[in-house]
Amino acid sequence: MSTSTSQGTALITGASSGIGAIYADRLARRGHDLILVARNQSRLEELAARLRDETGRSVEIVPADLNDDADLRRVETVLRTNTTISMLVNNAGIGGAAPLLASDVDAMDRMIRLNVLALTRLTYAAAPAFVARGGGTIVNIASIVAISSETLNGVYGGSKAFVLAFSQSLQHELAEKGVRVQAVLPGAIATEFWDVAGLPVSHLPAEIVMAAPDLVDAALAGLDQGETVTIPALEDKSEWDAYDAARRAMAGKLSRTEPATRYKAVSEEVRRAS
Ligand SMILES: NC(=O)c1ccc[n+]([C@@H]2O[C@H](COP(=O)([O-])OP(=O)(O)OC[C@H]3O[C@@H](n4cnc5c(N)ncnc54)[C@H](OP(=O)(O)O)[C@@H]3O)[C@@H](O)[C@H]2O)c1
């Protein structure tokens, strides 16, 4: 066992492969104890054994299908009751590459339940507990499709737009209460995600694909730098800042008693014609 002090426990969903497994590795090496959540128990056991061995940290596994109500509530209970937990990485998610007309609505339903509902319920379990404990960190894995809506499947993009908007709202609400919230927007990352989504990663241009360790290291660097939104592939951060500033500047102009002038002219015409 490690003799160094724990940085607190990080609960990571979707830790059995890809981005989540790399978060587990990196957070253990940063001194966190871990609780790893996913469906594939043997993969979780293998990863936990390796990380205990290599880092000396305490690593528990919670095999759970976050699309199953009872399993999801079990993980919520862990977040509410385990007072060592100081970090939640909401990473479990599935994607889709097929457009609406070629997609099965039940598969879209499962995607929304995992990407949106499970992430929301876990956040609702963690956030009040973190506030009560005087602090904590929530990392939500979104995607660049949160702001690039025309890329990939529209339900996937919509689910990740939810993750970004939800994270921004939480940052606003929880910052004063000691809870940090970071949304991470990966571009294409070489993981099994693409096989599950129905488009093998080998079919993408190599120059747009990042390795999962590079993505996670960049996301943690962004967290260390105090970023609330981290887009690891975006070279010029001022482009995101300008985009976000434009959105915020518009916010005060979006709700008024009168419709905008351009609509008034049209409604006048309709009134005169009737
Ligand atoms: N790869 C990319 O290009 C990319 C880009 C942007 C964003 N992302 C996001 O990154 C996150 C991680 O994806 P990844 O690329 O690392 O893909 P991945 O290797 O397929 O990992 C997905 C993880 O989610 C878990 N998972 C899937 N369904 C689950 C369920 N019902 N209950 C519990 N766990 C479940 C999987 O484990 P089990 O199968 O063991 O349950 C696995 O550990 C996702 O939110 C994804 O949307 C990925």
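We count ligands from 1, going down the list as the structure has it; atoms in each ligand are counted the same way.
The backbone N or O of Arg57 lies less than 3.5 Å from a partner atom in the side chain of Thr55, making a donor-acceptor pair.
Closest approach of Leu79 to Ala129, counting heavy atoms only: O-CB, 3.9 Å.
By the salt bridge (charged side-chain N to carboxylate O under 4.0 Å, His left out) test, Asp217 pairs with Arg26, sequence neighbours left out.
For ligand 1, the protein residues placed under 4.0 Å by at least one non-hydrogen atom are Gly14, Ala15, Ser16, Ser17, Gly18, Ile19, Ala38, Arg39, Asn40, Ala64, Asp65, Leu66, Asn67, Asn91, Ala92, Gly93, Leu114, Ile141, Ala142, Ser143, Tyr156, Lys160, Pro186, Gly187, Ala188, Ile189, Thr191, Glu192, Phe193, Trp194.
No side-chain N or O of Asp33 forms a donor-acceptor pair with one of Thr84 less than 3.5 Å apart.
With rounding to the nearest 0.5 Å, the separation of CG in Asn67 from CG in Leu72 is 8.5 Å.
Environment of CD in Glu46: sparse, with no more than 12 heavy atoms of neighbouring residues, nucleotides or ligands closer than 6.0 Å.
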